[in-house]
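Some notes on the structure that comes next.
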Amino acid sequence: MKYKLLFIIFILIFASANAQTITGIWQGYFNSGYGQFKQQFKFEVQINQLSNDALQKGIEGVTYSYRSTVFYGKASMVGIFDSKNKSLTIRETKLVELKISERTEPCLMTCYLDYRKDGKTEIFEGSFTSVNANSKADCGAGYVYLEKVEETDFTKEDFLVNKPKKTAPPPAKAKPPVVNPATRDNPVVVQPKKTPPPSVTKKQTAPVVSPKDNKAAVSKAIPEKKNPAVTSKDTIVKSKPAIVVKPVDSTIERDITKKIIPVPDVIKERANPLIKTIVTNSPDIVIQLYDNGEVDGDTITVYDNNEVIAYRKGLTAKAITLNIKADIFNSHHEFVMVANNLGSIAPNTALMVITTGGKRYELFISSDDKKNAKVVIDYKIPGKDSK
């Protein structure tokens with residue numbers, strides 16, 4: 001009996017662990033391009049999880065890629081959520097709505113995301129690839145970050161709106177016949193008195209007024225207001241106020257859309273020793289990463305101020321090149337190299353070559369499953385004092 005009870009408890013725990021639902025609204029952003037070509041877009045995904053009876057659950061829904069709710073692209077999507085490995089794959093299938101400028105090309109994305117929790121916040125993050133919706137040419141790749149939220153910037157899909165089903169009222173129970181107790185041997189059935197239904201007064205309908213009569217009636221009901229400042233020769237033209245679209249200043253937009261990115265777990269949970277601090281007067285920063293020694297399958301992820309700029313890249317004799325563009329809004333850069341594996345020869349070692357301001361820096365860095373490697377670069381505007 002004891003073992004049977006333990007088995008039942010195990011089954012209940014296993015079932016609850018796999019009953020996780022990701023149905024809902026997920027909002028965040030995605031980045032495409034690097035350096036001066038880097039662009040950030042808002043990203044919203046509305047997910048409908050189709051089943052809970054398997055470790056790999058099918059999903060459907062829609063995505064919104066947008067700068068604002070005026071300029072956006074809406075796409076239908078399908079995917080698979082692997083509840084065991086906490087991974088989600090989303091594939092946009094077709095564009096449903098498109099409100100973009102003529103110079104922008106529509107693309108369909110495929111996202112590869114991992115699930116985690118930061119306190120009470122549910123998060124999906126990872127990478128994406130994309131193809132042109134028309135020509136199927138490559139549209140680039142980048143980083144995706146999403147958080148589960150309650151409200152949408154657009155309209156909730158039907159599967160997110162709880163519509164209570166209307167149930168018909170139960171039929172009225174008929175009153176039982178009343179039996180006269182004085183004649184039980186030969187009972188007489190006395191039917192209850194029927195109360196006449198309440199009288200229904202006929203609804204009066206408003207008389208039909210022709211447009212001409214209606215105009216006259218309205219003019220009589222509302223006295224004309226005279227404007228003492230306007231003479232009889234003046235005419236008043238009523239029109240809707242014009243909507244003026246002002247050009248958006250790129251520096252203001254960048255400052256508004258800038259978002260504080262939470263520290264990833266892999267940076268919080270590992271040591272992050274500082275390898276070097278570099279001060280540069282040039283906004284152009286080029287980072288190249290090589291395998292330092294024998295090529296043994298080392299893979300790394302590189303973060304810039306907690307944001308992924310290189311995701312699970314393999315270190316080889318050929319450089320991984322990252323072009324970074326600094327400016328007055330983004331002058332402090334903390335680059336953290338994270339080892340995704342240790343290859344066949346531990347630890348994960350790399351040669352980092354940094355070129356900026358006409359100078360070249362060669363750094364030998366290593367990382368493993370206990371520590372990362374951090375390099376700080378500060379951009380100082382030429383002509384201003386630097387610390």
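- No donor-acceptor pair closer than 3.5 Å links the side chain of K156 to the backbone N or O of G24.
- Proximity of a side-chain donor or acceptor of N272 to a complementary backbone N or O of R270 within less than 3.5 Å is detected.
- Annotation: the span from D298 atom CG to I300 atom CD1 amounts to 9.0 Å, rounded to 0.5 Å.
- Between P262 and D118, the closest heavy-atom pair is CB-OD2, 4.3 Å.
- Across all non-hydrogen atoms, the minimal contact from Y112 to T129 is CE1-OG1, 4.1 Å.
- Put simply, the side chain of S130 gets close to the backbone of G140: a donor and an acceptor are under 3.5 Å apart.
- In summary, the side chains of N341 and T299 do present a donor paired with an acceptor at a separation below 3.5 Å, with no hydrogens or angles considered.
- Minimum heavy-atom separation, G126 to L113: N-CD2, 3.7 Å.
- Put simply, OG1 on T355 and CD on E362 are 9.0 Å apart, with the number rounded to the nearest 0.5 Å.
- Using a 4.5 Å heavy-atom cutoff, the side chains of V144 and S127 are not in contact.
- Atom CG in D158 sits 10.5 Å away from atom CG in N48 (nearest 0.5 Å).
- With respect to E157 and K74, a salt bridge is recorded, a charged nitrogen being found less than 4.0 Å from a carboxylate O.
- Counting only heavy atoms from C-beta outward, the side chains of V45 and M77 approach each other to under 4.5 Å.
- Connection of I354 to Y290 is not established within any shared hydrophobic cluster, with ILVMFWY side chains joined at heavy-atom distances below 4.5 Å, either directly or through further cluster members.
- Under a hydrophobic clustering in which Ile, Leu, Val, Met, Phe, Trp and Tyr are joined whenever their side-chain heavy atoms come within less than 4.5 Å, directly or via other members, L274 and L363 fall into different clusters.
- If you chain together hydrophobic residues whose side chains sit under 4.5 Å apart, I47 and Y66 never meet in one group.
- For the atom pair F159 CZ and L50 CG, the distance stands at 9.5 Å (nearest 0.5 Å).
- T321 places no side-chain N or O within 3.5 Å of a backbone atom of Q288 that could act as its donor or acceptor partner.
- Taking each heavy atom of T93 and L108 in turn, the nearest pair found is O-CD1, 3.7 Å.
- E97 and K99 are not joined by a salt bridge, as no carboxylate oxygen comes within less than 4.0 angstrom of a charged side-chain nitrogen.
- Relative to the six-membered ring of F41, R67 meets both conditions, a distance below 6.0 Å and an angle of at most 45° to the axis.
- Remark: R116 engages D265 in a salt bridge, criterion side-chain N to carboxylate O under 4.0 Å.
- Checking Y303 against E334 by side-chain atom types alone, no donor-acceptor pair falls below 3.5 Å.
- A 4.5 Å side-chain heavy-atom check between K374 and I275 finds every atom pair outside the cut-off.
- Checked by atom type, the side-chain pair E44/T63 shows no donor-acceptor distance below 3.5 Å.
- When side chains are defined from C-beta on, V96 counts as touching S76, because their heavy atoms get closer than 4.5 Å.
- When side chains are defined from C-beta on, I123 counts as touching Y145, because their heavy atoms get closer than 4.5 Å.
- Counting only N and O atoms by type, the side chains of K57 and S83 include a donor and acceptor under 3.5 Å apart.
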Let me see the working for T23 and L160 under side-chain contact (heavy atoms from CB on, under 4.5 Å), right down to the final yes or no.
CA-CA 8 Å; T23 295; L160 296 178; 3.8 Å; yes
Kindly determine whether F43 and F30 satisfy ring pair (Phe, Tyr, Trp, His ring centres under 6.0 Å), including the steps that lead there.
CA-CA 6 Å; F43 195 39; F30 67 85; 5.4 Å; yes
Verdict with supporting geometry, S366 and K371, side-chain contact (heavy atoms from CB on, under 4.5 Å)
CA-CA 9 Å; S366 66; K371 69 179 179 68; 3.4 Å; yes
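- Between I261 and N305, every side-chain heavy-atom pair lies at or beyond the 4.5 Å cut-off.
- Closest heavy-atom contact between V266 and N372: O-ND2, 3.2 Å.
- Note: Y64 and F154 meet the aromatic proximity criterion, with ring centroids under 6.0 Å apart.
- With hydrogens and angles ignored, the 3.5 Å screen pairs no side-chain donor or acceptor of E122 with any backbone N or O of K117.
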Take D284 and K325, measure what salt bridge (Lys or Arg N to Asp or Glu O under 4.0 Å) needs, and give me the verdict at the end.
CA-CA 5 Å; D284 299 308; K325 191 76 171 179; 2.8 Å; yes
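- When only modelled atom types and interatomic distance are considered, T280 and T356 share a side-chain donor-acceptor pair under 3.5 Å.
- In this structure, CD1 in I328 is found 13.5 Å from NZ in K380, a value given to the nearest 0.5 Å.
- The closest side-chain donor-acceptor pair between T301 and N340 falls under 3.5 angstrom.
- When side chains are defined from C-beta on, D153 does not count as touching Y72, because their heavy atoms never get closer than 4.5 Å.
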Would you sort out whether L289 and L351 count as a side-chain contact (heavy atoms from CB on, under 4.5 Å), showing the intermediate values?
CA-CA 6 Å; L289 293 161; L351 169 63; over 6 Å; no
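- A single hydrophobic cluster is not seen to contain both I309 and V376; linkage of ILVMFWY side chains at heavy-atom distances under 4.5 Å, directly or through other members, places them apart.
- The neighbour count for E150 CD, taken as heavy atoms of other residues, nucleotides or ligands under 6.0 Å away, does not exceed 12.
- Residue K268 qualifies as enclosed at atom NZ: its count of foreign heavy atoms under 6.0 Å is above 12.
- Across S32 and F128, no two heavy atoms sit closer than the pair CB-CZ, 4.0 Å.
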What's the verdict on side-chain contact (heavy atoms from CB on, under 4.5 Å) for F335 and I377, showing C-alpha distance, side-chain angles and the deciding distance?
CA-CA 8 Å; F335 299 98; I377 300 179; 3.7 Å; yes
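- When side chains are defined from C-beta on, L98 counts as touching P106, because their heavy atoms get closer than 4.5 Å.
- Using modelled atom types, one finds a donor on one side chain and an acceptor on the other under 3.5 Å when comparing D82 with N85.
- Tracing side-chain contacts under 4.5 Å through hydrophobic residues (I, L, V, M, F, W, Y), one never reaches V353 starting from L322; they form parts of separate clusters.
- We find the CZ-CD1 distance between F81 and I59 to be 9.0 Å, quoted to the nearest 0.5 Å.
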